[in-house]
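Below is one structure; the comments refer to it alone.
Treat the numbers as computed from the prediction; the structure is a model and nothing was measured. Letters A, B, ... are given to chains in the order of the sequence lines, protein chains preceding strands, and every chain is numbered from 1.
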Amino acid sequence: MSAPDEVVHQSTRLKIMSALNALPRREMLEFVRLKAITGATDGNLGSHLTTLEKTGYVTVVKDFVGKRPRTRVRITAPGRRAFQSHVAYLRDILESEGAGA
Amino acid sequence: MSMSKDEASSALHDIEATERRSRTLFGYGLASPYLLLWGALWLIAGVVGAVSPANSGIGWGAVDIVGLLGTAYLIVRHARRCGARSDRILLLRYVGSAAVLVAFVGLTLMIFGPVKGGEITMLFTLLVAAGYAIAGCWIGLRYAVVGVALGALAVGVFVLAPAHVYLIVPFAGGGALILGGVWMRRA
């Protein structure tokens with residue numbers, strides 16, 4: 001059975017990782033779009049992104065478009081593996097309990 | 001950490017819904033430059049047709065060539081940005097799709113005999129509108145809204161001012177595509 005990932009498990013972080021995992025490799029999501037997808041507040045999203053970045057699951061890129069600051073987020077290869085492993089763990093729970101029922 | 005079957009099921013449901021929403025919004029962001037490009041080109045073709053009706057056909061031809069090349073550029077740019085192994089396959093698919101579209105329109109015009117400028121404009125516009133509406137059925141509601149709005153505008157002009165279709169529809173269509181492009185960019 002796959003192991004749970006303590007970092008990915010938290011609900012907002014799970015949504016962040018799901019949103020990023022759905023993108024093609026190397027693609028990034030803008031902070032505002034990620035906020036719309038997850039339904040998190042600025043502060044909450046920023047805090048969870050910091051946790052994910054420290055773990056090495058996401059990369060946060062900050063730049064400017066003209067004079068406007070822009071923050072974009074991309075999932076890393078270890079982040080994608082951790083997320084997929086966590087999803088496998090969730091599926092295992094359903095299958096193992098389903099088989100036993 | 002241990003989870004119940006209900007918690008696992010709920011988490012998987014959240015994951016699926018979030019991935020779907022992410023893909024849809026990402027797709028809107030990708031589609032936006034294409035809508036803005038073709039919207040602007042339709043407006044240019046509309047201006048050429050209004051200023052010099054005799055050169056309208058040349059204007060549309062030039063606009064179509066610029067649009068096809070611009071679309072190819074956007075495809076290659078995107079493929080390189082997301083690290084696609086080969087943009088050649090994407091380009092071949094695009095050229096194939098464009099060839100099918102050009103052949104379809106060409107053969108339709110040939111089969112239905114000599115057609116007026118307004119009828120050609122309506123055919124192109126309704127074809128594009130139908131394409132967006134069908135895309136909307138599969139990959140995102142906003143495509144459907146753009147397609148239906150474009151089709152409704154064109155049919156409205158055709159019913160209310162049939163003699164001026166070739167003048168008004170390019171402006172209405174170009175405007176609808178630009179508005180749709182901005183709307184998708186902000187999604």
* To do: Go through the steps for B:His78 and A:Glu27 under the test side chain to side chain contact (heavy atoms under 4.5 Å, CB included), then give the verdict.
  => CA-CA 10 Å; B:His78 173 72; A:Glu27 281 294 350; 3.0 Å; yes
* side chain to side chain contact (heavy atoms under 4.5 Å, CB included) assessment of B:Asp14 paired with A:Ser18 -> CA-CA 9 Å; B:Asp14 276 355; A:Ser18 307; over 6 Å; no
* Test B:Ile15 against A:Leu90 for side chain to side chain contact (heavy atoms under 4.5 Å, CB included), laying out the working first. => CA-CA 11 Å; B:Ile15 288 169; A:Leu90 296 173; 3.8 Å; yes
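Per-residue heavy-atom pair counts under 4.5 Å with chain B were compared for A:Arg91, A:Arg33, A:Glu30, and the maximum is reached by A:Arg33.
Both B:Phe124 and B:Phe104 sit in one connected hydrophobic cluster of ILVMFWY residues. Membership requires side-chain heavy atoms under 4.5 Å apart, directly or through other members. Put simply, B:Leu141 and B:Val182 are part of two different groups of oily side chains (I, L, V, M, F, W, Y) that touch within less than 4.5 Å, one to the next. No chain of hydrophobic side-chain contacts below 4.5 Å, direct or via other Ile, Leu, Val, Met, Phe, Trp or Tyr residues, connects B:Val169 to B:Ile120. B:Trp42 and B:Tyr34 fall within a single hydrophobic cluster, where Ile, Leu, Val, Met, Phe, Trp and Tyr side chains are chained together by heavy-atom contacts under 4.5 Å. Using a 4.5 Å cut-off between side-chain heavy atoms of Ile, Leu, Val, Met, Phe, Trp and Tyr, with links allowed through other members, B:Leu36 and B:Val76 fall into different hydrophobic clusters.
Proximity of A:Tyr89 to B:Met3: side-chain heavy atoms (C-beta onward) are separated by under 4.5 Å at one or more points. Side-chain contact between B:Glu19 and A:Met17 is absent, with no heavy atoms from C-beta onward closer than 4.5 Å.
Using a 4.5 Å cut-off between heavy atoms, A:Leu29 touches chain B through its side chain atoms alone.
The CD1 atom of A:Ile37 sits 5.0 Å away from atom CG of B:Leu25, with the distance rounded to the nearest 0.5 Å. Taken from OG1 in B:Thr18 to CG in A:Leu14, the straight-line distance is 7.5 Å, to the nearest 0.5 Å.
Residue-environment remark: CZ (B:Phe158) stays at or below the threshold of 12 foreign heavy atoms within 6.0 Å. Counted within 6.0 Å of CZ on B:Arg185, heavy atoms from surrounding residues, nucleotides or ligands total 12 or fewer; the atom is thus considered open.
Side-chain atoms of B:Arg23 never come within 3.5 Å of backbone atoms of A:Leu23 as a donor-acceptor pair (strictly under, hydrogens ignored).
Nearest approach of B:Ser22 to A:Ala19, heavy atoms of both residues: OG-O, 2.7 Å.
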